[in-house]
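Read through the structure below, which is laid out as structure tokens, and then see the notes.
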Amino acid sequence: MLDLKTIRSDPDRVREAMSRRGLQNGEAAVGELLTLDEERRAAVRRGDDLRARRNEVSRVIGELKQKGEDASGLIEEMRTVGREIGELEDQVSEADRRTQTLLLNLPNCPLREVDPGGEESNRLIREWGEPVAHPFPARPHWELGEELGVLDLPRGAKVSGSGFTVLRGAGARLQRVLIDWMLDLHVQRHGYEELRVPYLVTEESLTGTGQLPKFAEDSYLTERDDLWLIPTAEVPLTNLHRDELLGADQLPLRYTAYSPCFRREAGAAGADTRGLLRVHQFDKVELVRYETPERSREALEELTAEAEEVLQELGLAYRVIRLAAGDLGFSSAMTYDLEVWAPGVEKWLEVSSCSNCLDYQARRVNVRYRPAPGERPEFVHTLNGSALALPRLMVALFETYQREDGSVEMPSVLQERLGFSELVPPSHS
RNA sequence: GGAGGGGUGGCCGAGCGGCUAAGGCACCGGUCUUGAAAACCGAGGUCGGGUGAAUGCCCGCGUGGGUUCGAGUCCCACCCCCUCCGCCA
């Protein structure tokens with residue numbers, strides 16, 4: 001959520017930011033917010049004055065009654081004042097309601113260095129490793145996985161419909177070991193605290209991170225209890241300190257959690273439907289940081305590097321992309337995407353999205369900190385990033401480390417944990 | 001799911017519909033002291049938000065409604081916590 005005070009004092013900056021995102025109705029929203037704000041403040045001022053008077057007179061009425069004197073004139077007068085206060089209160093809460101609606105539907109302002117334009121304007125920041133060129137025709141992961149007996153797509157669809165997958169045997173184990181290994185990496189090397197969190201959350205939590213109210217169609221809702229399935233562990237992790245006032249010495253907070261992620265992919269019908277590229281349920285290890293405003297820019301670089309480290313350790317070629325304003329997520333002010341090379345499908349696959357949300361989410365979830373004793377509380381900055389999303393990582397592993405005979409070598413960092421060094425088709429074993 | 005109890009400042013805890021929400025603890029300030037503790041002093045101060053140029057004023061007693069000239073207090077709904085019972089991996 002943007003700060004109403006910023007909109008009031010520098011509306012042009014917000015208008016410019018919205019247009020950089022390519023938002024057509026940003027202009028109108030800002031204008032409406034300014035008008036509402038004006039009206040609201042006038043009503044508040046008037047109401048406060050009347051309340052001050054009512055407090056005063058009510059005290060006098062109390063005194064008169066105590067002395068057994070008549071106060072009916074004052075009571076009659078206050079009846080009118082009370083009615084007027086009620087009307088003004090209605091005006092204020094109506095203005096608040098409309099203001100909230102507008103603010104909740106306005107995305108974050110991109111940072112200065114974020115390029116304008118849509119996906120086509122995304123900027124390549126750096127590359128790591130050489131995309132493998134197999135001396136044989138590289139095959140897609142669904143063929144390899146199916147042959148190896150570790151990926152059972154038809155049965156996933158049978159049990160839950162399209163977009164749901166089943167991993168078996170060594171494939172299931174590989175995924176579990178990857179999760180375990182990534183969590184250890186972030187805890188032991190990067191200083192994160194590991195958390196296990198709920199996968200069902202309230203509407204309020206989903207509103208806090210920005211998925212609601214605008215993107216309700218993208219998430220699963222359990223209607224009996226009005227709880228939502230999380231699309232990412234970012235939701236519980238960022239809502240963890242909702243309505244808290246932290247001490248400066250508590251920051252930064254770094255949390256990592258594994259969770260399954262549930263996404264309806266409402267607008268994506270027909271795209272990337274094969275194999276593991278786009279599914280309704282997938283596993284992910286997430287990183288979330290709470291930082292001071294001074295450090296958040298730098299913290300995004302750190303967090304991105306921490307996600308990259310996973311790919312480096314696995315020896316997978318990837319590139320880092322800085323998203324253009326129009327491609328940014330709703331709550332993000334700046335995002336780096338990590339794309340890993342998958343030679344079988346011949347695509348760069350997004351396996352991580354690392355974002356600095358500044359105080360946008362913090363304002364929604366109301367998480368503040370006191371910069372120094374005696375100073376006024378300020379909103380913290382929140383950051384999040386995948387490290388990493390499992391299915392596409394599995395795709396890259398399978399397709400990168402495949403051999404001509406259909407077997408797949410395991411990355412050396414995992415071999416000891418796995419207890420095996422390669423996946424071999426049943427016919428070859 | 002059923003029954004009962006509870007939610008008031010940083011913490012504990014009182015609060016017949018009426019002046020400014022008792023009292024205690026803690027912290028801060030002052031006196032005393034070489035220093036500290038203890039003791040004493042103080043109609044004092046302490047949290048968050050809103051609004052205003054400002055001394056200020058307004059709001060906040062779990063949340064949201066309602067009654068009233070006036071609600072921590074009365075009414076309604078909901079949330080959370082504790083105890084017991086039931087169910088359950």
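Naming convention: chains lettered A, B, ... in sequence-line order (proteins, then strands); numbering from 1 in each chain. What you are looking at is a predicted structure, and each value in this text was computed from that prediction instead of being measured.
- Applying the 4.0 Å criterion to OP1 and OP2 of B:G49, one finds that A:Arg368 has a side-chain N or O inside that range.
- RNA chain B contains the following stems of three or more consecutive Watson-Crick or G-U pairs, with both distances under 3.5 Å: B:1-7 with B:79-85, B:10-12 with B:23-25, B:29-31 with B:39-41, B:47-51 with B:56-60, B:62-66 with B:74-78.
- Proximity note for A:Pro377 (side chain, C-beta onward) versus B:U51, B:G49, B:C47: the nearest is B:G49.
- OP1 or OP2 of B:G52 has at least one side-chain nitrogen or oxygen of A:Arg45 nearer than 4.0 Å.
- Residues that satisfy the salt bridge (charged side-chain N to carboxylate O under 4.0 Å, His left out) test with A:Arg364, not counting sequence neighbours, are absent from this structure.
- With sequence neighbours excluded, no residue forms a salt bridge (charged side-chain N to carboxylate O under 4.0 Å, His left out) with A:Glu193.
- Among the atoms of the strands shown, none is found under 4.0 Å from any heavy atom of A:Arg83.
- Rounded to whole Å, the separation between the P atoms of B:G9 and B:U73 comes to 15 Å.
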Could you list the donor-acceptor pairs under 3.5 angstrom formed between side-chain atoms of residues 62-70 of chain A and any protein atom two or more places apart in sequence or on another chain?
| from | atom 1 | to | atom 2 | distance (Å) |
| --- | --- | --- | --- | --- |
| A:Asp70 | OD1 | A:Ser72 | N | 3.3 |
| A:Asp70 | OD1 | A:Ser72 | OG | 3.0 |
| A:Asp70 | OD2 | A:Ser72 | OG | 3.1 |

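- B:G15 and B:A26 have their C1' atoms separated by 22 Å, given to the nearest Å.
- Note that CZ of A:Arg363 is 9.5 Å distant from CG of A:Asn108, once rounded to the nearest 0.5 Å.
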Requested in this report: Report, as a single string ordered 5' to 3', how protein heavy atoms within less than 4.0 Å touch nucleotides 53-74 of chain B: B base, S sugar-phosphate only, - not at all.
Outcome: ----SSS---------BS----
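- Spacing between atom CZ of A:Arg242 and atom C1' of B:C79 amounts to 13 Å, rounded to whole angstrom units.
- When the nearest nucleotides of RNA chain B are assigned to A:Leu245 and A:Glu63 by heavy-atom distance, the more 5′-ward of the two goes with A:Glu63.
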Which atom pairs, one a donor and one an acceptor, fall under 3.5 Å between side chains of residues 42-51 of chain A and the rest of the protein, sequence neighbours left out?
| from | atom 1 | to | atom 2 | distance (Å) |
| --- | --- | --- | --- | --- |
| A:Arg46 | NH1 | A:Glu84 | OE2 | 3.0 |
| A:Arg46 | NH2 | A:Glu84 | OE2 | 2.5 |
| A:Asp48 | OD1 | A:Arg51 | NH2 | 3.1 |
| A:Arg51 | NH1 | A:Glu89 | OE2 | 2.9 |

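- Remark: A:His186 engages A:His190 in a ring pair (Phe, Tyr, Trp, His ring centres under 6.0 Å) (not counting sequence neighbours).
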Atom pairs and distances, donor-acceptor, side-chain atoms in residues 172-179 of chain A, under 3.5 Å, two or more places apart:
| from | atom 1 | to | atom 2 | distance (Å) |
| --- | --- | --- | --- | --- |
| A:Arg173 | NE | A:Leu418 | O | 2.9 |
| A:Arg173 | NH2 | A:Arg417 | O | 2.9 |
| A:Gln175 | NE2 | A:Asp283 | OD2 | 2.8 |

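- With ring centers used as reference points, A:Tyr192 lies 6.0 Å or more from A:Tyr255.
- Among the heavy atoms of the strands, none lies under 4.0 Å from A:Arg97.
- For A:Gln66, counting side-chain heavy atoms from C-beta on, the closest listed nucleotide (B:G18, B:G48, B:G50) is B:G18.
- Pairs engaging residues 149-176 of chain A under the ring pair (Phe, Tyr, Trp, His ring centres under 6.0 Å) rule: A:Phe164-A:His280 [sequence neighbours left out].
- Comparing the C1' positions of B:U8 and B:G23 gives a spacing of 14 Å, expressed to the nearest Å.
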